[in-house]
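By convention here, the first residue in the shown sequence is residue 1. These figures come from a predicted structure and were not determined experimentally.
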Amino acid sequence: IISNAVFLGVEVEYYVQHPGPSPIWGEVIGQIYNFLFLVELIFRLVGLGPALFFQGESWAWNCMDLLIVGSAIFETLVQ
């Protein structure tokens, strides 16, 4: 998460200094982070099981993660 935040800061700084279309490296690295977050979410869902994932003490965080990762995947699919 921290390295993703650093990457986002570098990416925003680049866009401020170089307006125009997105460079391919930004898209590729962003998709790598999306993939890693998806894998982490799948591991957590399989490891905890659906019942504990959605009803355990961290259910709200799990649902928030599911929403964030799901929206990132949706954005990738509609591009």
**OP:** Consider only side-chain heavy atoms of I, L, V, M, F, W and Y, link residues closer than 4.5 Å, and tell whether V46 and V39 are in one cluster.
**Re:** no

**OP:** Measure the CD1-CG distance between I32 and N4 for me, rounded to the nearest 0.5 Å.
**Re:** 11.5 Å

**OP:** Look at the side-chain heavy atoms of Ile, Leu, Val, Met, Phe, Trp and Tyr, link any pair under 4.5 Å apart, and say whether I42 and L67 land in one connected group.
**Re:** no

**OP:** Scan residues 64-78 for pairs that pass side chain to side chain donor-acceptor pair (under 3.5 Å), counting only residues two or more places apart or in two chains.
**Re:** Q31-T76, R44-D65

Subject >> From I29 atom CD1 to N34 atom CG, the distance as rounded to the nearest 0.5 Å >> reply: 12.5 Å

**OP:** List for me each residue that meets side chain to side chain contact (heavy atoms under 4.5 Å, CB included) alongside I73, sequence neighbours excluded, and say none if there are none.
**Re:** L38, V69, L77

Subject >> From CA spacing to verdict: side chain to side chain contact (heavy atoms under 4.5 Å, CB included), L48, N62 >> reply: CA-CA 11 Å; L48 292 173; N62 293 336; 4.1 Å; yes

Can I get a per-line list of side-chain donor-acceptor pairs under 3.5 Å for residues 15-28, giving both atom names and the distance, sequence neighbours left out?
residue	atom	partner	partner atom	Å
Y15	OH	E11	OE2	3.1
Q17	NE2	E13	OE2	2.6
H18	ND1	Y14	O	3.2

Original post:
Can you list every pair that meets ring pair (Phe, Tyr, Trp, His ring centres under 6.0 Å) and has a residue in residues 27-64, with sequence neighbours left out?
Top reply: F7-Y33

Original post:
Quick one: hydrophobic cluster around F74, which other residues, with the 4.5 Å side-chain cut-off, linked directly or via members?
Top reply: V78

